Amino acid sequence: MTGIEELLSSRIRDVADYPEPGVMFKDITPLLADPAAFGALTDALADVATRTGATKIVGLEARGFILGAPVAVRAGLGFIPVRKAGKLPGATLSQTYDLEYGSAEIEVHAEDLSAGDRVLVVDDVLATGGTAEASLQLIRRAGAEVAGVAVLMELGFLGGRARLERALAGAPLDALLTI
């Protein structure tokens, strides 16, 4: 484990049986409360943005906002929130995706992305990959190019990477931690 991996891992708290029995929730609030750890995380994700040639950062609701906005500032890029349906005013593009039980919908302002943009999606966790996959579809529908996906942690046992492989179309998936 590298120094940054040790720092980040040491600031993520396990919460048993949350939000339901049998689930081990990975709580990042201690990491966010530690300025050294949060700064190191921001720097690492900004490095991914630079390496991928991103011109904009998309943050996925809601923890992707917390991580993506400072990454955009650090990398000198614009930040675009991808929200749950009905939360953005004005013209939006929307994408529906399947959940374990049912479906959900996300939206982005149509005018915030355009041809020539290279977009890095930033989020806290890659689990099953449904939201990330839907965001990649939205980015392409807006005419922009996918630069990649960057997450703090990947829950490898949930198969999100395999689900995203086709949607990434060769763009990188960077996870700072894999659990």
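Source: prediction; values computed, not measured.
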* Output yes when a side-chain donor or acceptor of His109 lies under 3.5 Å from a complementary backbone atom of Val82, and no otherwise. => no
* To do: For the residue pair Val121 and Ile139, establish whether any side-chain heavy-atom pair is separated by less than 4.5 Å.
  => yes
* Asked: If you measure from CG on Leu32 to CZ on Arg11, what distance do you get to the nearest 0.5 Å?
  -> 12.5 Å
* Asked: Do Arg83 and Glu61 sit within salt-bridge range, that is, some charged N less than 4.0 Å from a carboxylate O?
  -> yes
* To do: Find the distance between CG (Asp112) and CG (Asp117) and round it off to the nearest 0.5 Å.
  => 9.5 Å
* Asked: Would Lys26 and Asp124 pass as an ion pair if we require N to O under 4.0 Å?
  -> no
What donor-acceptor contacts under 3.5 angstrom involve side-chain atoms of residues 64-81, with partners at least two apart or in another chain?
| from | atom 1 | to | atom 2 | distance (Å) |
| --- | --- | --- | --- | --- |
| Arg74 | NH1 | Asp43 | OD1 | 2.0 |

* Asked: Roughly how far apart are Glu165 CD and Glu133 CD, rounded to 0.5 Å?
  -> 12.0 Å
* To do: State, with a plain yes or no, whether a side-chain heavy atom of Val149 is found less than 4.5 Å away from one of Leu136.
  => yes
* To do: Check Leu155, Thr178, Leu173 against Leu126 for a side chain to side chain contact (heavy atoms under 4.5 Å, CB included) and give me the one that passes.
  => Leu173
* For Ala36 against Leu7, the heavy-atom pair lying closest together -> O-CD2, 4.1 Å
* Asked: Can you check whether Asp174 reaches Arg51 side chain to side chain, under 4.5 Å on heavy atoms?
  -> yes
* Heavy atoms, side chains only, cut-off 4.5 Å: are Val119 and Val146 in contact? -> no
* Structure fact -> Heavy-atom nearest pair, Glu105 first then Tyr97, reads N-CE2, 4.2 Å
* Structure fact -> Closest heavy-atom pair, Ala169 versus Arg140, reported as atoms and distance to 0.1 Å, is CB-NH2, 3.8 Å
* Mind listing the closest non-hydrogen atom pair of Ala175 and Arg161 along with its distance? => CB-NH2, 4.3 Å
* Hey, what do you get for CD1 (Ile28) to CG (Leu41), rounding to the nearest 0.5 Å? -> 7.5 Å
* More than 12 heavy atoms of other groups within 6.0 Å of Arg13 CZ -> no
* Asked: Honestly curious: do Met153 and Ile57 fall in one hydrophobic cluster under the side-chain, below-4.5 Å linking rule?
  -> yes
* Start with the C-alpha gap between Arg141 and Gln95, add the side-chain angles, then the distance that decides, and say whether side chain to side chain contact (heavy atoms under 4.5 Å, CB included) holds. => CA-CA 10 Å; Arg141 283 181 46 221; Gln95 184 68 46; 3.0 Å; yes
* Establish whether Val122 and Leu8 are linked, either directly or via other cluster members, by ILVMFWY side-chain heavy-atom contacts under 4.5 Å. => yes
* Structure fact -> Nearest heavy-atom contact between Leu120 and Ala54 is CB-CB, 3.9 Å
* Structure fact -> The reported gap from CG in Leu176 to OG in Ser9 (rounded to nearest 0.5 angstrom) is 10.0 Å
* To do: Show the numbers, then the answer: is there a side chain to side chain contact (heavy atoms under 4.5 Å, CB included) between Ile12 and Leu177?
  => CA-CA 11 Å; Ile12 297 171; Leu177 302 171; 3.6 Å; yes
* **Same apolar cluster (I L V M F W Y, side chains within < 4.5 Å links), Ile4/Leu45** => yes
* Heavy atoms of other groups near Tyr18 OH, more than 12 under 6.0 Å -> no
* Distance-only side-chain donor-acceptor flag, Ser94 / Glu107, under 3.5 Å -> no
* Asked: Quick check: does any side chain N or O of Asp98 sit under 3.5 Å from a backbone N or O of Ser103, one acting as donor and the other as acceptor?
  -> no
* Which distance, rounded to the nearest 0.5 Å, do you find between the CG of Leu88 and the CD1 of Ile106? -> 10.5 Å
* **Shared hydrophobic cluster for Phe157 and Val125 (ILVMFWY, side-chain gaps under 4.5 Å)** => yes
* To do: Flag yes if Val58 and Leu152 sit in one hydrophobic cluster, no otherwise; membership is Ile, Leu, Val, Met, Phe, Trp, Tyr, and two members link when side-chain heavy atoms are under 4.5 Å apart.
  => no
